[in-house]
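In this text the structure is predicted, and so the values were computed from the model without any measurement. Computation of the quantities below employed the complete heavy-atom set of this structure, encompassing side-chain atoms and omitting hydrogens, waters and symmetry-equivalent molecules. Chain A is the first sequence line, chain B the second, and so forth, proteins listed ahead of strands; every chain is numbered from 1.
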2 protein chains.
Amino acid sequence: MEAAAPGTRGAATAPGRRATIKDVAEAADVSRSTASRALTGRGYVAPAVRDRVRRAAQTLGYVPDAMARNLRQQVSRSIGVLVSDLRNSFYADLASGISGQSRRRGYAMMLADDAGSVEAELEAAETFVALRVAGVILTPLSAEVTEYLGRHRIPVIEVDRQFAEGACDAVVVDNKAAAERVTTGLLQQGHRRVALLIDEMDWTTGRDRLVGYRSAFLAAGLPLDDALVVRGGWDVGAATGVARGLLDGPDRPTAVFAANNVLAEGVWRAAQALGLRVPEDLSLVSFDDAPWMTMVTPGVTAVAQDAVALGEAAVAQMFERIENPGSPKRTVMLSAAVAQRGSTAAPPTA
Amino acid sequence: MEAAAPGTRGAATAPGRRATIKDVAEAADVSRSTASRALTGRGYVAPAVRDRVRRAAQTLGYVPDAMARNLRQQVSRSIGVLVSDLRNSFYADLASGISGQSRRRGYAMMLADDAGSVEAELEAAETFVALRVAGVILTPLSAEVTEYLGRHRIPVIEVDRQFAEGACDAVVVDNKAAAERVTTGLLQQGHRRVALLIDEMDWTTGRDRLVGYRSAFLAAGLPLDDALVVRGGWDVGAATGVARGLLDGPDRPTAVFAANNVLAEGVWRAAQALGLRVPEDLSLVSFDDAPWMTMVTPGVTAVAQDAVALGEAAVAQMFERIENPGSPKRTVMLSAAVAQRGSTAAPPTA
DNA sequence: GCTCGATCTGGAATCGATCCCAGAGCGTCC
DNA sequence: GGACGCTCTGGGATCGATTCCAGATCGAGC
């Protein structure tokens, strides 16, 4: 879309129906072809005629029909975005980054969220195909969706997690490195019973965070205890319950590494409920920063994925793919910073 | 879109280009008209032929082009949504509610955020017009955008706030009643110096919250002190600064009513920085709930607007408007609950 | 004067789907 | 047997824009 200068959006003078290019052409006393050339700037038009047509369009409040234009040109200027849950700040930030960046490039964003349902995910993908979007950015739930979109020749960028590595472009954070870094930090403070609370280990996110956690132990020459790796469930309620079970007992871990912000919230709530002080009784680190982590006392040390930047990088990668369809698939890996706050300390010397 | 049964999304067998209805028609050995009738279910088709066409579509992985369909039918099955800032959980929840509800009705959602810029808002509106969306749901920044969309005969629903009352449909919360309720609560606990920290007083949100605050004083027969109504700025940094100024002094208020979640965060941070204990030294209530408010100790008492429900109500209103274009404009008012937490107490007896 | 190229314009085809309408086939009823 | 109604199919117009192409006009150069 050509960005009209401020204040130039014309006043449609009470049209019974929307103005079409035919109306503009008639008003300017030229043919539809000429009107089109004048407005798009492609092809010859005499300057005087061009101005006349533009004025007419202006007066009529003409806005070209994107459907018709896209149909004719067989390209669309919108992208599809599919995330898991907008109420989770991680996905909201991601969408925000994508939105800003794609607007800057003149593309509109179709946003859908599958509420964790593979069927909803495929339905959204089908809608994107129907709308002939220029590309899709998604946080995949299944490998099928990428394959489906690929079959329809729609460029796909997987963000945050990947299914089949190398099957399509992807933008992810270096989960392993970041997980290893925070785990090593806990070990260096003297913790030995460090639990990992995790939601899944099938996607690259969970898998790599687990790998990072383990390699920190190996690097420190410390033994691994698989009983300390615990599945935490998908929502705060479940996570809180699991965390209570984990923390309620004599043999409890002295530190917990929560693999995402929902699980961290569960641990925090469980600690509160059990009267455990952070960090005196329990150290906590989180993968995924969240707004509340800077509000509580002490603040929660977290791997701060910049979700907005992740979204922006995904958009950049998508346009590179569109301009360059043949180039080999690429996985962009962003590093994540660790925001040190007050939620870790040496373990209690019980 | 007809929801295909799971697993029925056909395999496009390596098409050089996407299958069109012409391809389906040829594969099923019928005309394009018949293929169309078979797939849409409108008009006569012999059952045997219908099945043959559907199988052909299946085999080819045919997905009808929404552009072409919309162009022909002059209606679209997508709605435009325009919010201020997705990173704010209020707007993200709103979008989430809209998304879920519109997906349920088979509509796609075009989402844009103006980053507080009126120009970006108008640009997004123009995109919505170009895409011929069925309707637009927005949290308006300017009166102009609603008027612009209205001129192009696009149904508009304003959510959260209204500009010209009655100019279009709207879904809002009862700001006045909720503000009055929480203010009255503070007065009943004995507070007299109750500050209102507010961002704007031009929109209905700010105006009504101010009105509610004032009428609580009037109802209690207490005098108003306009020096206690303070503008707090638009982001957390500014809000924190203003709150520090407000709370740093001998004559500081004993309670603060923050008119939104960003301002409440500013007050919370300022109180922390100044070493003020909540609620012993300072009571705090917020308009707008936010996730962190249940995470901190004590929890922050807040007017809990259900933003998801707000979004869902907006979608419902939009479809009512679409089905019933002539009916008088309607403003739906949702009441907001007050989530009582621990952030208020009787004022210090200094 | 004639050719050639550049500039400029309008007619008509095109994108992919829907839908009106004419007409074929067939059964029923008077 | 003929009129009528119902079922079913295909031809072709249509939505709104873009774009190819033919042709008109004009000025310059030989």
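Side chains of B:Gln58 and B:Arg55: no donor on one and acceptor on the other come within 3.5 Å. Side-chain contact, B:Arg132 with B:Ser78: no donor N or O sits under 3.5 Å from an acceptor N or O. For the residue pair B:Arg37 and B:Thr34, a side-chain donor N or O sits within less than 3.5 Å of a side-chain acceptor on the partner. Side-chain contact annotation: B:Thr139 with B:Asp160, donor-acceptor N/O pair under 3.5 Å absent. Side chains of A:Ser84 and A:Arg161: a donor-acceptor N/O pair is present below 3.5 angstrom, by distance only.
Atoms CG (A:Leu39) and P (D:dT19) sit 13 Å apart, rounded to a whole Å. Here the P atom of nucleotide D:dT9 and the CZ atom of B:Arg50 are 11 Å apart, to the nearest Å. As rounded to whole Å, 17 Å separates atom P of D:dG16 from atom CD of A:Gln73. Residue B:Lys22 contributes atom NZ, which lies 15 Å from atom C1' of D:dG11 at whole-angstrom precision. We find that CZ of B:Arg52 is positioned 11 Å from C1' of D:dT9, with the value rounded to whole Å. Rounded to whole Å, atom P of D:dT14 lies 19 Å from atom CD1 of B:Ile21. A straight line from CZ of B:Arg132 to C1' of D:dA17 spans 10 Å, rounded to a whole angstrom. Computed from coordinates, the A:Asp65 CG to D:dG16 P distance equals 7 Å when rounded to whole Å.
No donor-acceptor pair closer than 3.5 Å links the side chain of A:Glu158 to the backbone N or O of A:Pro140.
A donor N or O paired with an acceptor N or O is not found under 3.5 Å between the base of D:dG11 and the side-chain atoms of B:Ser31. Taking only distance into account, the side chain of B:Arg72 never meets the base of D:dG16 through a donor-acceptor pair shorter than 3.5 Å.
At the heavy-atom level, B:Thr20 lies under 4.0 Å from the strands shown only through sugar-phosphate atoms. B:Arg42 comes within 4.0 angstrom of sugar-phosphate atoms only, judged by non-hydrogen atoms across all strands, and of no base.
A close approach under 4.0 Å does occur between a side-chain nitrogen or oxygen of A:Tyr62 and OP1 or OP2 of D:dA17.
Residues B:Glu123 and A:Arg103 are not paired through a salt bridge, judged by the lack of any N-O separation under 4.0 Å between the basic side chain and the carboxylate.
Two residues, A:Val49 and A:Arg32, neighbour DNA chain C, and the one matched to the more 5' nucleotide by heavy-atom proximity is A:Val49. Both B:Ser33 and B:Ala68 lie close to DNA chain D; mapped to their nearest nucleotides by heavy-atom distance, the more 5′-ward contact belongs to B:Ser33.
Using a 4.0 Å cutoff to heavy atoms of chain B, the contacted part of DNA chain C runs 5' to 3' from C:dG16 to C:dC19.
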